[in-house]
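Structure record follows, encoded as structure tokens.
From a predicted model like this one, the values you see are computed outputs, not experimental measurements. In each ligand, atom 1 is the first atom listed, and ligand 1 is the first ligand listed.
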Amino acid sequence: MCSYILIMSRVKIKEVLGLAPQEKELTVKGWVRTFRNNQFIALNDGSTNNNLQVVADFNKIDETILKRITTGAAISATGKLIESQGKGQSVELTATTIEILGDSDAEKYPLQPKKHSLEFLREIAHLRMRTNTFGAVFRIRHNLAYSIHKFFNDKGFVYLHTPIITASDAEGAGETFKVTNFDLKNIPKTDSGEIDFKNDFFGRATNLTVSGQLEGELGAMAFGDVYTFGPTFRAENSNTTRHLAEFWMIEPEMAFYNLNDNADLAEELLQYVISYALEHNKEDIEFLNTRLLDEEKQKPQNERSEMNLIEKLKFCTDNKFERRTYTEAINILKDSNHNKKKKFQYLINDWGTDLQSEHERYLVEKHFKKPVILTDYPKQIKSFYMRQNDDGKTVRAMDILFPGIGEIVGGSQREERLEKLETRMKEMNIPADELYWYLDTRRFGTCEHAGFGLGFERLVLFVTGMTNIRDVIPFPRAPKTCEF
Ligand code: 4AD
Ligand code: MG
């Protein structure tokens, strides 16, 4: 009895493909990718990108069952694992029993066994996870998330859950989604005609968080080293390949860290998680690498990348990131031929202008040819909480710029001096009374501290070599896009 259960329990295909041929029967379950010659099933169960070849023994399997083995159908197959006759795999399963678990009408199934465009697949995001490309992307995404937790756990960081609903706009950019349970057809107003938030659910105006940083700082003042890893929301109307309205962010915050310590940690984290994916998602990355090489073949020689995906990832893990100040970067950009020949859409003329993605990518891809950490940005283009430098013009900010991505990390050493912070908040019209709790950390036991935010999807974009951020999150949210 016991051995029967053992034989019949399902084995995942990833494991099956690593087994030697054997007498013992085993059962696999998955979805049919293709069915050829009324005999050969390519079966995938999501545990790996590789399909298991299941050979239907048509002496033993009923004609009516064979007819129902169609692309997309869920089946269970039981049989012996034998050495494969065909090429491309070392073992295959000769199925003596096949059970149809869920039929799939081949005429109506949107995923045909052919190459679909990423644009088309985005429209059927509820099914695209069943393709090789998205299977690889989301398994890599999983391992990146896991390795991030592992990295911080191994270093003794506390994972702090910061709130999703808040009453503050941490970045002060005003790009928040409002949270309310008002009847939108009948919003209570005060005598002076303003929205009466006193009658709203929380008794005040609230929004979805744009960053967990401010609460993270409270945690750092108690535990020393904390991080948050959660969804953040921005109502910025950026219809680009690098922006989402809902994205995940990793935000560590460390007491007794200055900006250099902060940059060291960010660099170590990025190199660790990229190495982790290279080691644990070898097949998926190799698949995406080949996919990209095929795509590149369509391009003229001079537009092809110098490095393939795997080389690019290894390049980042094996080389120190270049560290420069904003001022140095501006001078490089200003003097570049690109600027002189007016090849930038936004020309660099003056110190103080914010860098656009085209400038960031120029620095990384053309000038330094490696990831760059830029520090000490002008205070007027950065948030109120960044530590002010003695020059009165710059703050202890850092952005990490990556090839093909531009900004992947934004962070800073924080202003720990109460008076300086209050003055800056006044200058920037940040209401100090509402942020009394934040200022309390400066009143009671303040200390040097720093932190950063790593955009998770930008990281996944880099590691997978995908080009549109909407293709690395299962269900993307962007302007006019909120399906599923
Ligand atoms: O530079 P940002 O706005 O920094 C902060 O939110 C700080 N509070 C972080 C901190 O110091 N704790 O955002 C951090 C990172 C960016 O570098 C980028 O990678 C990503 O978050 N990001 C986005 N990713 C996808 N879509 C968007 N709309 C993004 N906005 C920022
Ligand atoms: Mg930023």
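Of the N and O atoms on the side chains of E217 and Y438, at least one donor lies less than 3.5 Å from an acceptor on the other residue. Side chains of R323 and N260: no donor on one and acceptor on the other come within 3.5 Å. Side-chain polar atoms of R204 and T206 form no donor-acceptor pair below 3.5 angstrom. Counted by atom type alone, T180 and D200 present one or more donor-acceptor pairs between their side chains at under 3.5 Å.
When heavy-atom distances to ligand 1 are checked against a 4.0 Å cut-off, M386 has no atom that comes that close, whether in backbone or side chain. Neither the backbone nor the side chain of F233 comes within 4.0 Å of ligand 1, counting heavy atoms alone. Of all the heavy atoms of R242, the ones lying under 4.0 Å from any atom of ligand 1 belong exclusively to the backbone. Counting heavy atoms under 4.0 Å from ligand 1, residue F247 touches it through the side chain alone. If you look at H243 next to ligand 1, the close heavy atoms, those under 4.0 Å, come from the backbone and the side chain alike. Neither the backbone nor the side chain of E253 has any atom closer than 4.0 Å to an atom of ligand 1 (non-hydrogen atoms only). Neither the backbone nor the side chain of T232 has a heavy atom within less than 4.0 Å of ligand 1.
Ring to ring, F177 and F233 are not that close: their centroids are 6.0 angstrom or more apart.
Under the side-chain contact (heavy atoms from CB on, under 4.5 Å) test applied with T133, the options M466, H116, R128 reduce to a single match, M466. Remark: of the listed residues R417, R442, R443, R443 is the sole one forming a salt bridge (Lys or Arg N to Asp or Glu O under 4.0 Å) with E422.
Among P476, G455, A478, G451, the residue whose heavy atom lies closest to atom 20 (C) of ligand 1 is G455. Residue E407 holds the heavy atom nearest to atom 1 (O) of ligand 1 of all those in E407, E246, E236.
Under 4.0 Å is where a charged nitrogen must lie from a carboxylate oxygen, and between K155 and E268 at least one such pair does. Salt-bridge formation is detected for the pair E427/R424: a Lys NZ or Arg NE/NH1/NH2 atom is positioned less than 4.0 Å from an Asp or Glu carboxylate oxygen. We find that D284 and R141 are not joined by a salt bridge, their nearest charged nitrogen and carboxylate oxygen being 4.0 Å or further apart.
An N or O contact shorter than 3.5 Å links I408 to ligand 1 by distance. At a 3.5 angstrom cut-off on N or O pairs, L244 counts as close to ligand 1.
Ligand 1 has no atom lying under 4.0 Å from any heavy atom of E457. Ligand 1 has no atom lying under 4.0 Å from any heavy atom of E175.
Side chain of T232 to backbone of F247: a donor-acceptor contact under 3.5 angstrom is found.
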Start with the C-alpha gap between H149 and Y159, add the side-chain angles, then the distance that decides, and say whether ring-ring contact (aromatic ring centres under 6.0 Å, His included) holds. CA-CA 8 Å; H149 285 299; Y159 177 26; 4.9 Å; yes
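Relative orientation of the F344 and H359 rings is perpendicular, given thresholds of 30° and 60° on the angle between their planes.
Excluding waters, the protein N/O/S atoms found under 2.8 Å from the Mg ion (ligand 2) are E407 OE2.
Summary of contacts: the protein heavy atom closest to atom 6 (O) of ligand 1 is R234 NH2, 2.8 Å. Taking atom 15 (C) of ligand 1 as the reference point, the nearest protein heavy-atom neighbour is G453 O, 3.6 Å. The shortest contact between atom 8 (N) of ligand 1 and any protein heavy atom is with E171 OE2, 2.6 Å.
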